[in-house]
Every structure is written in structure tokens, then in C-alpha cells.
Protein chains: 2
Amino acid sequence: MNGPKRSLPTLEDVAQRAGVSTATVSRCLNEPAKVSEATRSKVMAAVEALKYTPNFGARAIAANRTGIIGAIIPTMENSIFARGIEAFQKSLVAVNATMIVASSAYDPDQEAKLIRTMVGRGADGLLLIGTDRDPDTYAYLNERNIPYVIAWACSPDPTQSYVGFDNHAASTKLVAHAIAQGHRSIAYISAKIATNDRARERVLGALRAIKDAGLNPEIMHLSQTDYSVDNGRSTATNILQTTPETTLIICGNDVLAVGAIQAAQSLGRKIPDDLSIVGFDDIELATVIHPALTTVHVPHSDMGRIAAEALLTLTKTPQPPIRIRLKTRTMERGSLGPPPTA
Amino acid sequence: MNGPKRSLPTLEDVAQRAGVSTATVSRCLNEPAKVSEATRSKVMAAVEALKYTPNFGARAIAANRTGIIGAIIPTMENSIFARGIEAFQKSLVAVNATMIVASSAYDPDQEAKLIRTMVGRGADGLLLIGTDRDPDTYAYLNERNIPYVIAWACSPDPTQSYVGFDNHAASTKLVAHAIAQGHRSIAYISAKIATNDRARERVLGALRAIKDAGLNPEIMHLSQTDYSVDNGRSTATNILQTTPETTLIICGNDVLAVGAIQAAQSLGRKIPDDLSIVGFDDIELATVIHPALTTVHVPHSDMGRIAAEALLTLTKTPQPPIRIRLKTRTMERGSLGPPPTA
DNA sequence: AGCTACAATGTAATAGCTTACATTTCGCCA
DNA sequence: TGGCGAAATGTAAGCTATTACATTGTAGCT
């Protein structure tokens with residue numbers, strides 16, 4: 001089935017068959033409004049007949065754009081990114097752009113490499129998650145005038161575009177709410193905060209809430225691990241065994257929280273009577289698990305869609321940075337209640 | 001930050017700076033062995049100094065390949081595909097290929113269009129899900145000599161490559177097991193079977209099991225809907241209200257099954273005492289929901305990884321079709337038991 | 001020294017499309 | 001009907017890297 005590449009029809013073949021110039025064919029394909037109805041139908045017929053498809057490389061080189069947009073996400077396996085990317089891609093398809101994706105597995109070096117690969121592959125613009133990144137990488141993108149949009153976070157750098165939400169504020173709000181119920185012995189299970197600005201901001205937001213309540217930040221014990229149900233389970237198990245007085249476990253995301261709930265339940269803790277657990281993201285698991293998880297709802301799909309629009313705008317014409325902060329909302333569900341002794 | 005595109009260094013700039021011809025520079029980059037040590041280091045220094053990156057379009061046009069592999073999946077929001085694609089992409093990155101992805105939302109027309117778009121974008125090969133597809137589309141790919149691999153299913157056409165599993169057999173096995181427990185009043189909630197071969201094969205596999213057990217296929221009532229927790233819930237609610245004698249609901253995938261479990265529970269049915277429910281895929285939700293779901297485990301990550309390897313092989317040299325059938329396994333968990341009267 | 005053979009390098013054709021600019025066509029009005 | 005402006009179309013110059021083929025350089029041999 002895979003013979004030698006037969007040579008494909010070119011613009012010129014189409015032009016000849018339709019009896020017009022190559023310029024006209026090109027216009028038919030790219031700016032149909034500039035061509036008369038009669039000509040257009042002749043050309044389209046020729047295109048159909050020859051099953052012509054423009055050669056990508058030639059188009060890229062002549063137009064100096066590829067219509068390819070890159071997205072680099074930490075992982076496809078967390079549904080928050082899957083959702084955002086799905087919406088992102090749908091917006092791109094609608095305007096005939098194409099998405100290339102890669103996941104970095106939360107590894108900054110890997111991400112830096114992927115960024116260069118994507119630029120080398122002709123990406124017209126990039127979607128990046130979070131703000132933590134080597135300055136060299138930003139310099140590289142700026143030198144090459146590759147526009148990028150940061151998602152899932154808000155950049156403090158006023159020259160950068162983002163479509164995100166305030167991890168810090170959302171976390172503060174959630175934790176303040178939890179503290180108000182009376183919790184004074186708190187554990188926080190986070191992703192590694194050194195290279196993950198979203199995780200870090202959430203932790204700092206929680207500390208902020210504690211301080212704002214006039215409490216000692218040391219009532220919160222921080223554990224760091226990678227995001228996964230298993231890690232949530234093992235870390236929570238460890239916490240409940242070493243500091244059984246803990247009444248609230250704050251999880252950096254819902255995936256960890258689901259693991260924590262399972263761990264707590266298999267240790268015989270009743271949630272929320274004996275122990276409260278909260279998460280972040282509001283993924284599907286949050287409502288399927290019992291009790292349902294109190295968490296922060298993040299508009300992942302909207303973020304993907306809006307980021308796509310922003311990025312497309314940036315690739316079209318020079319533009320001041322686009323900075324959009326989306327709202328989050330605390331979802332109060334069954335996993336949070338007052339501590340047992342309250 | 002996004003000024004007008006400054007023009008990037010070209011091969012010629014590098015050649016000039018290094019005091020050699022463009023051919024030599026090109027050779028340095030692509031076939032270093034053909035260039036003397038002295039020249040090579042001069043050239044590499046120039047490349048570094050100018051931060052030269054080859055222009056993608058020019059390279060694609062001159063070399064007639066892009067190193068881009070396309071993947072078209074029904075949706076990113078079902079974690080089975082997210083997982084498969086994640087593994088697929090990792091394998092590609094490892095050999096310096098790049099993945100472009102799009103989702104078709106289970107729409108055949110949309111998929112056909114996306115296939116053409118991807119080929120137009122220079123994809124060297126394609127990953128496709130399932131076998132149901134307009135013959136024109138296959139003809140198009142064959143004409144253009146674009147290799148493709150089918151995943152999540154096994155193609156009966158011996159000229160096609162696939163890395164999949166036997167939906168029919170897996171379903172037969174699961175349902176046979178369920179029937180053996182005594183169920184005689186069965187509902188099946190499936191995706192639309194007209195355009196979805198995986199869904200269809202699962203339904204047919206279930207019927208096969210019923211016939212094999214010497215029972216009348218009419219004991220199974222089929223509903224068709226789109227895959228989603230909500231649809232699982234509403235369809236199951238409907239079934240339980242109109243045919244309350246149903247003792248087993250077979251769901252076309254786990255997402256529907258989770259909805260069905262929720263529906264059943266909110267109607268006061270005890271699972272598995274009053275009602276059994278089974279799914280297909282073995283996603284994370286299956287073990288988080290209570291009771292845990294009896295379902296068919298599918299090796300999604302392996303499938304993605306192996307499909308990538310197969311596709312890369314096919315793009316490299318003409319090759320007979322690669323046909324790999326992966327094993328599935330029935331996961332027996334709490335949601336399946338004998339019917340109440342048994 | 002003179003020759004061969006091969007390694008290293010250079011020259012220039014080529015790939016297919018877009019687009020600025022030039023030219024032609026057309027409709028419409030005086 | 002002549003003339004004008006706008007619409008439609010054509011011409012041809014790029015865009016950048018690869019590569020077949022031509023040329024030059026060099027080592028090794030007699």
C-alpha cells in the first residue's frame with residue numbers, strides 16, 4: 001500500500017485545468033471574496049477533480065505563517081488540561097488553525113525543549129501553562145516574535161498575555177471558609193512548589209488565609225508530592241498516622257483529594273464528621289466520590305476557548321498584551337464540615 | 001513585545017558568516033560526516049552566534065517530509081483517549097517527531113474534514129480511532145501514500161494497520177459472565193451504533209453472549225445516546241422507570257455506567273443487590289465510585305505507545321500492514337452480582 | 001614529478017505557494 | 001458611446017533549504 005510517493009497535483013496543475021493563473025487559484029483558496037463567482041466555481045471544480053491539497057511547506061514558506069499553534073501542558077491525564085485543550089483546539093479548528101500538543105510531565109527542562117521544538121516546527125503561537133519558566137525561554141520567544149499566552153495563572157509581568165485565574169486568591173477564599181468552621185490542625189498536600197507556580201500560589205494563598213484569621217501559620221503542615229490519586233492516598237495515610245489530630249486536609253488539587261478521601265475512609269475516618277478534606281479544580285471525580293468534594297471550581301473549558309481567541313488575535317497583528325482573569329467559585333459539598341470537637 | 005516580525009537568520013547568513021557555501025552549512029546540519037572537522041566547527045560557531053534555526057517550511061518543501069504525525073480522536077474529555085494520546089505523544093517526542101491532534105466529537109464528517117486538514121498540514125502519518133469511515137477517506141489516504149494506524153479496534157481489512165483490541169470478544173466475555181449470574185432482564189445503554197464501530201461491536205458482542213447462552217436476544221433492550229455521565233443518568237432513570245424489572249444494565253462505557261449508578265442510587269436501588277451495572281474501559285472513575293464498577297480493562301496507554309511505534313515504522317519505509325491485537329481483561333468489582341430473585 | 005582516486009566544497013536548479021504590482025475587464029453614468 | 005473607477009485577473013518575484021552535479025584540493029602511489 002505504500003509505494004513510492006507519487007507526485008501530487010500542484011497549484012499550477014489546477015490553474016492550467018481551470019484555465020486561469022496560479023494567483024487566481026491561490027486567491028480562490030485563501031480569499032474567495034476577491035474572485036468572481038464564475039471563476040471560483042471553475043477553479044473549485046478543478047480542485048475537486050484533481051483532489052488538490054496545497055503543499056504545506058510551500059504555503060508556510062510563502063506566507064511566512066503555518067497556521068499551527070502549539071500547546072504545551074503538564075499532562076493530558078489530568079482532565080483539567082484535557083478539557084482546556086479540547087476547548088482550545090475547537091476554537092482553533094473553527095478558524096482553520098491546527099494545534100500541536102505536547103506534555104512536559106511538569107518538567108521545566110522538558111518544557112523548555114518542547115518550546116524550541118515547536119517553534120522549530122513552525123508554530124505561529126504558543127499556549128503555555130503557568131508562569132514559572134527560565135528567562136532565557138521568554139527571551140527566545142521574544143526574539144523570534146512568537147506570541148504566547150499563559151493559562152491557568154496570571155502573570156505579574158505586565159508585558160505578558162494570560163488567560164488565567166488567581167490561584168492565590170481562590171485558595172485564600174477556600175481556606176478562609178474552612179478555617180471559619182473551626183479547624184486548627186491542618187495538613188496541606190501540594191505538588192512540588194519549587195517549579196510549579198500554581199501549586200505555590202495555592203499554598204501561599206492558604207497561609208494568607210490562616211494569617212488573616214489571626215492564627216499561627218505553623219498550624220498548617222505542608223507535604224509535597226506529585227499529583228496522583230495514589231500519592232494523595234499514601235500522603236494522607238501518612239499524615240493521619242503521624243498527626244491523627246489533623247481535622248482538615250487541604251489538597252492542591254482534586255486528584256490528590258480523591259486519594260486522601262479514600263485513605264481516610266480506609267482508616268475508618270468519617271468524612272466530614274471526623275475529618276474534612278478539600279480540593280481544587282472541580283473535576284468530574286469531585287462529584288462522583290462520596291462524600292462529594294468541597295473544592296474550587298475553575299472554568300477550564302472557558303479558559304481554553306478564550307486563550308485560543310487571545311492567541312489568534314496576537315498572531316494576527318501586533319497587539320498590547322491580552323490579560324484576562326477568570327472567576328473561580330468555591331463549591332461547597334459534603335467533604336467539608338466543622339471539626340469534631342467544635 | 002510583539003513588534004513586526006524581524007527576519008530570522010537564514011542558511012545564507014550562516015554560510016556567509018562561516019565563509020562557506022550554503023550547501024556546506026546544510027550538510028553540516030544534516031550529514032555532518034560529509035564535512036571536514038575544521039569546516040564543521042566554523043559553521044557550528046556561526047550557527048550558535050546567529051542562533052540559527054532552519055526554517056520549517058523550507059525544509060519541508062525541500063525534503064518532502066515534516067516529521068509531523070496527526071492524531072484524530074473522538075474527544076479529549078474521555079480519559080481513555082487522553083491517556084492513549086499522552087503515551088502516543090511521548091513516543092513521538094522521543095524520536096523528534098511532533099504530534100498534531102484534533103477531536104472530531106464522534107462526528108464522521110468532521111473527522112473526514114480533519115483528516116484532510118491534517119494531510120494538508122503536512123502530516124507524515126495519521127492515528128485514527130476505530131474503523132468506521134467513508135471509503136473515500138481511505139482512498140484519499142492511499143492515493144497520497146499517507147500511512148495510518150487504526151486504534152481502539154481491529155480492522156477486518158487485511159491491508160490496514162491497527163493497534164487495537166477486540167471489542168466484540170471483550171463484550172461477549174463480560175456479558176456472558178453477567179448472564180451466568182442469572183440476569184434475564186437486561187438493558188443496554190450504548191453510544192449511537194450507526195457510526196461507531198466500537199460501540200456496535202460491543203452491542204453485538206453482548207447479543208452473541210445472550211445467544212450463546214441459549215437465551216432469546218429480546219431479553220436485552222437497547223438504548224442509544226451520546227457518551228456522558230448525564231446521559232447515563234437520564235437514560236438509566238428512564239429504563240428503571242419504564243421497565244423496573246430490569247436487573248442488569250450494561251453500559252457501553254464507564255462514563256455512562258457512572259451516570260447509571262448514580263441514577264439507580266437516587267431511585268433507591270441498591271447495587272448490586274437490586275440491580276447490577278457494568279461498564280467498559282476501566283477509567284479512574286470506575287474505582288472511585290461506590291460500589292466500584294465491574295468493567296473491561298483496556299490497556300489505553302500501551303495502545304498509544306505501540307501505535308506510535310507502528311506508525312513511525314510505517315512512515316519510514318514501505319511496509320506490510322502492522323496488525324496488533326492487545327488483550328483486555330474483565331475487572332470484577334462490586335457493581336455486578338446475581339439478580340435479586342436468583 | 002605526475003597521476004589517480006577520493007574527499008571536500010561550491011554552484012545553481014528546484015520545490016510550490018503567496019502577493020505586490022501591473023494589466024485587463026466590466027459596469028455605469030454622463 | 002466614451003470614459004472612469006472598481007473589480008477581476010495575470011505576471012513574476014520572492015521565500016529558504018536541499019541536493020545533483022561540477023569543481024577544487026589532497027593524499028598516496030609509482
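Given the structure is predicted, the values throughout are model-derived calculations rather than measurements. When reading the values below, keep in mind they use all heavy atoms of this one structure, side chains included, and skip hydrogens, waters and symmetry mates.
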*Classify the nucleic acid contact of Val25(B) as base, sugar-phosphate or nothing, counting any heavy atom under 4.0 Å across all strands shown.*
nothing
*Take Glu37(B) and Arg40(B) through the salt bridge (charged side-chain N to carboxylate O under 4.0 Å, His left out) test and state the conclusion after the steps.*
CA-CA 5 Å; Glu37(B) 170 54 33; Arg40(B) 203 184 324 152; 3.6 Å; yes
*Could you check which of dA17(D), dT11(D), dC17(C) has an atom nearest any side-chain atom of Ala23(A)?*
dT11(D)
*Interatomic distance where CZ belongs to Arg27(B) and C1' belongs to dT9(C) [whole Å]*: 6 Å
*Out of dG10(C), dT16(D), dG16(C), which has the shortest distance to the side chain of Ala58(B)?*
dT16(D)
*Please report, rounded to the nearest Å, how far the P atom of dT18(C) is from the CG atom of Asn64(A).*
13 Å
*Ser21(A) side chain N/O closer than 4.0 Å to the phosphate oxygens (OP1, OP2) of dG10(D)?*
yes
*Check whether any side-chain heavy atom of Ile129(A) lies under 4.5 Å from a side-chain heavy atom of Glu111(A), and answer yes or no.*
no
*Using whole Å, report how far CG of Leu11(B) lies from C1' of dG10(C).*
14 Å
*Can you find a side chain N or O atom of Ser36(B) that sits less than 4.0 Å from OP1 or OP2 on dA7(C)?*
no
_Under the ring pair (Phe, Tyr, Trp, His ring centres under 6.0 Å) definition, can you give me all pairs with a residue in residues 60-89 of chain A, not counting sequence neighbours?_
Phe81(A)-Trp152(A)
*Roughly, in whole Å, what's the span from CZ in Arg59(B) to P in dC17(C)?*
21 Å
*asked:* I want to verify a distance call: between dA8(C), dT19(D), dT18(C), whose nearest atom is closest to the Ala63(A) side chain?
replied: dT18(C)
*Let me know the distance between NZ of Lys34(B) and P of dT19(D), rounded to the nearest Å.*
9 Å
*To the nearest angstrom, how far is Glu31(B) atom CD from dA8(C) atom P?*
13 Å
_Output the rounded distance in Å from CG (Asn55(A)) to P (dG16(C))._
7 Å
*Could you pick out which residue, Ile61(B) or Val20(B), lies toward the 5' side of DNA chain C when each is mapped onto its nearest nucleotide?*
Val20(B)
*Pick the nucleotide of DNA chain C nearest each of Val35(B) and Gly57(A); which residue has the one closer to the 5' end?*
Val35(B)
*Beyond-backbone contact of Asp157(B) with Thr131(B), side-chain heavy atoms, under 4.5 angstrom*: no
_Could you tell me how far apart Arg65(A) (CZ) and dC15(D) (P) are, to the nearest whole angstrom?_
17 Å
*Would you find more than 12 non-hydrogen atoms of other residues, nucleotides or ligands less than 6.0 Å from Arg65(B) atom CZ?*
no
*Tell me what Phe56(A) touches on the nucleic acid: a base, only sugar-phosphate, or nothing, going by heavy atoms under 4.0 Å.*
nothing
*asked:* With a 4.0 Å limit, can you tell me whether Tyr52(B) has a side-chain N or O closer than that to the phosphate oxygens OP1/OP2 of dA17(D)?
replied: yes
*Has Thr24(A) got a side-chain N or O lying under 4.0 Å from the OP1 or OP2 atom of dG10(D)?*
yes
*Is any side-chain nitrogen or oxygen of Ser26(A) closer than 4.0 Å to OP1 or OP2 of dT18(C)?*
yes
*Do the side chains of Met44(B) and Pro32(B) get nearer than 4.5 Å, heavy atoms only?*
no
*Quick one: is Asn30(B) getting a side-chain N or O under 4.0 Å of the dT18(D) phosphate, OP1 or OP2?*
yes
